[in-house]
Number of protein chains: 2
Amino acid sequence: MVSFTLKQLRYFEALARHRHFGHAADVCAISQPALSMQIKELEGSLGAALFERSARSVRLTGFGEEFAARAREILRAVDELSELARAARDRLSGRLRIGIIPTVAPYLLPAIIGELSRLFPGLDLNLRETITPRLIRELTEGRLDTAVVALPISERGLAEVPLFSEEFVLVRPHGDAGKPVPDRESLREMRLLLLEEGHCFRDQALSFCDLRHARPRELLDGSSLATLVQMVGAGIGVTLIPEMAVAVETRSAPVSVVRFADPAPQRTIGMIWRNTSPLARQLAEVADVVRAAAAKTRDVGKAQAGMPGAG
Amino acid sequence: MVSFTLKQLRYFEALARHRHFGHAADVCAISQPALSMQIKELEGSLGAALFERSARSVRLTGFGEEFAARAREILRAVDELSELARAARDRLSGRLRIGIIPTVAPYLLPAIIGELSRLFPGLDLNLRETITPRLIRELTEGRLDTAVVALPISERGLAEVPLFSEEFVLVRPHGDAGKPVPDRESLREMRLLLLEEGHCFRDQALSFCDLRHARPRELLDGSSLATLVQMVGAGIGVTLIPEMAVAVETRSAPVSVVRFADPAPQRTIGMIWRNTSPLARQLAEVADVVRAAAAKTRDVGKAQAGMPGAG
DNA sequence: TATATCGATAAGCAGAGCTGATGGTGAGCT
DNA sequence: AGCTCACCATCAGCTCTGCTTATCGATATA
């Protein structure tokens with residue numbers, strides 16, 4: 001296999017341009033003998049002469065001309081590649097695959113997308129919304145770069161950083177507004193509407209109500225928080241939703257929202273990624289952005305909803 | 001300036017394909033540590049990670065994916081370049097710029113072109129027909145690779161190899177056939193038609209007739225041997241032409257051709273090239289081909305013309 | 001003939017890059 | 001839980017590449 005080096009190609013290109021060993025060597029920041037040797041080496045490995053040396057002139061051979069044209073193409077591509085690396089080095093850019101759980105996605109995504117696009121113009125955001133187990137699987141398999149989920153995950157091999165905590169609030173028919181805030185025990189007496197199996201939020205809600213092993217007929221599963229709230233508005237039952245969903249979901253339904261008394265149920269949303277991910281540093285940066293976006297979203301949400309405080 | 005080597009690119013490509021340091025190292029015929037170090041080095045010089053290593057798997061990062069695509073393009077171009085060199089190494093190929101003097105070109109070119117094209121399919125023949133001084137100039141300036149001229153040239157810096165020698169023959173009107181063969185002295189009494197100034201053949205003919213300083217009105221200049229022969233046919237005078245031109249030029253004119261008695265005038269046709277030409281080896285090969293082609297042409301010419309022998 | 005220019009060559013040295021051995025870590029089996 | 005295996009990173013040592021300075025040889029110039 002004929003083999004030459006990029007260095008030789010660069011030296012060659014310089015010599016082809018200057019047609020003078022001394023000058024070309026200066027440009028390459030090496031001594032003239034070094035250039036002579038590398039050119040000789042290159043010609044040797046090619047098995048053909050690139051230059052025709054006479055005492056007074058250095059000329060490209062016909063083969064050298066063609067070689068030079070192609071060599072320049074290659075060097076251009078190589079420089080482009082270096083440029084690509086330089087661009088990708090610090091600034092987050094290129095494809096970034098983020099997974100988000102469904103009980104966060106609708107409320108956080110607009111802000112996340114907006115902020116990330118604004119801060120990292122070269123970013124190609126690739127979003128995936130599904131339940132935690134699938135996110136974890138896709139993350140560990142390398143099909144996602146990071147995911148926004150409820151902590152803790154405690155999956156070995158995955159790093160997790162908290163973003164924010166949010167309380168769960170009770171959503172009940174509008175007519176119930178003003179009634180006393182139910183505690184965990186009285187919740188069990190109500191018809192609780194929950195998300196389908198697989199959603200972590202369902203498990204968290206059940207856990208709060210100590211209803212882990214509730215009889216199925218007491219519950220009714222919805223496929224999204226929006227559905228649940230609409231069902232509550234229709235008087236079918238009550239439900240829990242995370243604080244962040246309040247502004248969006250309770251706007252168009254005759255429901256009332258109330259916080260629980262301490263200890264109020266809550267969850268911590270965080271970001272996770274592989275411990276081995278080379279993007280770790282940039283992902284931490286992304287986490288900061290998401291955290292800020294979430295705070296902003298919650299503030300706006302509270303203002304819009306005139307969120308009632310319950311303690 | 002970020003800089004990596006082709007070797008690193010090849011190693012990287014192998015690892016990107018196999019996703020396994022050991023296997024990739026085997027393919028590259030190096031040890032696993034060597035591969036690890038080169039990849040690490042590459043990532044270091046790029047300032048970004050190409051692979052994500054975990055204990056059980058080696059995966060390309062997003063950046064690595066893009067890098068791999070471009071790296072493969074570059075490696076392909078490099079291999080193509082090597083291939084180009086290999087093709088150019090032994091077999092003569094690519095552009096070959098040949099100059100030929102006008103008193104040889106019409107008679108030798110068909111055979112030369114045919115033979116060279118047949119023997120070197122990759123050859124791009126670039127022909128130039130002009131007088132010797134211009135050929136020499138273009139040759140020394142690197143605008144020609146070789147030239148076919150009458151020897152000797154005795155130009156320092158140019159190598160010359162003889163191809164063949166050919167006699168000059170006398171062309172006289174058809175009615176003169178059978179008349180005694182004139183010697184050099186009697187030639188001076190005839191009206192001699194010659195090529196314009198600058199043609200070496202003119203000088204050679206004049207030299208033979210010892211007419212170096214002949215009075216202009218005794219001569220008549222033609223721009224080609226064909227013209228001269230037609231003029232002879234019209235009874236305007238006599239001329240000398242090289243043996244090789246006989247078959248072609250005397251076919252369509254009422255002229256007779258006769259050889260001179262010994263010592264017959266003659267010239268040696270040869271090939272010349274720059275001493276510094278890297279094509280020297282291949283040009284010597286071309287010389288062999290041209291020599292053979294010339295011999296063949298002369299044989300065919302003699303047979304066709306029923307060339308009269310005069311000695 | 002003397003001088004300047006320019007590429008090739010020589011000698012010596014620093015460092016790149018390879019090998020074989022070893023370390024560390026996570027996965028899977030018992 | 002502990003053992004073992006697979007796999008990549010690291011280390012020490014050696015070889016050879018590739019650089020430098022100094023010098024040579026050839027050629028054009030004055």
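Small disclaimer: the values here were computed from a predicted structure and weren't measured. Order of the sequence lines fixes the chain letters, A, B, ..., with proteins taken first and strands second; residue numbering starts at 1 for each chain. The analysis underlying the following values was restricted to heavy atoms, covering all of them including side chains, and did not include hydrogens, waters or symmetry mates.
- The nearest whole Å value for the distance from the NZ atom in B:Lys7 to the P atom in D:dT17 is 10 Å.
- Nucleotide D:dC8 holds its C1' atom 14 Å from the CD atom of B:Glu52, rounded to whole Å.
- Rounding to whole angstrom units, CZ of residue A:Phe4 and P of D:dG18 are separated by 14 Å.
- A:Glu13 meets the side-chain contact (heavy atoms from CB on, under 4.5 Å) test with A:Arg17, A:Arg72, A:Leu75; sequence neighbours excluded.
- If you look at B:Phe4 and B:Phe12, their ring centroids are not closer than 6.0 Å.
- Remark: P of D:dA26 and CG of B:Asn275 are 14 Å apart, rounded to the nearest angstrom.
- B:Thr132 meets the side-chain contact (heavy atoms from CB on, under 4.5 Å) test with B:Ile101, B:Ile136, B:Val149, B:Ile153, B:Cys200; sequence neighbours excluded.
- Rounding to whole angstrom units, NE2 of residue B:His18 and C1' of D:dC7 are separated by 16 Å.
- Rounded to an integer number of Å, the gap from CD of A:Gln38 to P of D:dT17 is 11 Å.
- For A:Glu41, the side-chain contact (heavy atoms from CB on, under 4.5 Å) partners two or more places apart in sequence, or in a different chain, are A:Gln8.
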Summarise how protein sits on nucleotides 1-8 of chain C as a single string, 5' to 3': B when a protein heavy atom is under 4.0 Å from the base, S for sugar-phosphate-only contact, - for no contact.
-> ----BSBB
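- Residues that satisfy the salt bridge (Lys or Arg N to Asp or Glu O under 4.0 Å) test with B:Arg19, not counting sequence neighbours, are absent from this structure.
- Computed from coordinates, the A:Arg156 CZ to C:dT25 C1' distance equals 10 Å when rounded to whole Å.
- Contacts of A:His20 classified as ring pair (Phe, Tyr, Trp, His ring centres under 6.0 Å), with partners at least two apart in sequence or in another chain: A:His23.
- Applying the 4.0 Å criterion to OP1 and OP2 of C:dC18, one finds that B:Tyr11 has a side-chain N or O inside that range.
- Within the 4.0 angstrom heavy-atom criterion, no nucleotide atom of any strand lies near B:Phe51.
- Regarding B:Leu35, its CG atom lies at a distance of 12 Å from the C1' atom of C:dC18, rounded to whole Å.
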